[in-house]
Amino acid sequence: MIEVLKSKIHRVRVTEANLDYVGSITIDRELMDAAGIIPGEKVQVVDNNNGERFETYVIEGEPGSGCICVNGAAARRVMVGDVVIIISYGLMDFEEAKRFRPSVVFPDTETNRLIR
């Protein structure tokens, strides 16, 4: 088995950082659907502004809202306005991994909405 890139939301802007929450990242449902990410899925978040990297799980946000809210302790690792990349990985056998094509979404960085 090999772990490979499954989904990526490339360069979205953090809209909220909510320290007083149990944990996770809330993502606009439209972005989740476009990238093939589901609620509860483990993701890696990479902050382009400060170099921080952390793992958490996904909570579904309101569709079309542009919401990217980092919750709980991870809220200390970002600032509202930071640009982040959200990545999920899948585990598959080597031959399947060679044929697999990840879902990569490039939303508008200012609005966090899908570019149509």
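Values below: all heavy atoms of this structure, side chains included; hydrogens, waters and symmetry mates excluded.
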Roughly how far, to the nearest 0.5 Å, is the [atom2] atom of [Y] from the [atom1] atom of [X]?
| X | Y | atom1 | atom2 | answer |
| --- | --- | --- | --- | --- |
| Lys8 | Lys6 | NZ | NZ | 13.5 Å |
| Asp93 | Lys98 | CG | NZ | 10.0 Å |
| Asp33 | Ser103 | CG | OG | 11.0 Å |
| Ile59 | Thr26 | CD1 | OG1 | 4.5 Å |
| Asn48 | Asp82 | CG | CG | 9.0 Å |
| Ser88 | Gln44 | OG | CD | 10.5 Å |

Less than 4.5 Å apart, side chain to side chain, heavy atoms only: is that true for [X] and [Y]?
| X | Y | value |
| --- | --- | --- |
| Arg29 | Pro39 | yes |
| Arg113 | Glu30 | no |
| Leu91 | Tyr89 | no |
| Pro107 | Asn112 | no |
| Met32 | Glu41 | no |
| Val70 | Phe54 | yes |
| Pro102 | Val4 | no |

Shared hydrophobic cluster, [X] / [Y] (ILVMFWY, side-chain heavy atoms < 4.5 Å):
| X | Y | value |
| --- | --- | --- |
| Val14 | Ile27 | yes |
| Ile68 | Leu114 | yes |
| Ile86 | Val58 | yes |
| Phe100 | Phe94 | yes |
| Val83 | Ile25 | no |

Minimum heavy-atom separation for [X] and [Y], please, with both atom names.
| X | Y | answer |
| --- | --- | --- |
| Ala17 | Val78 | CB-CG2, 4.2 Å |
| Met92 | Glu96 | CB-OE1, 3.2 Å |
| Ala35 | Ile9 | CB-CG1, 3.7 Å |
| Ser7 | Gly36 | OG-O, 3.5 Å |
| Arg53 | Val46 | NH1-CG2, 3.6 Å |

Does the [X] side chain pair with the main chain of [Y], one donor and one acceptor, at a distance under 3.5 Å?
| X | Y | result |
| --- | --- | --- |
| Asp28 | Gly64 | yes |
| Asn50 | Arg77 | yes |
| Arg13 | Gly81 | yes |

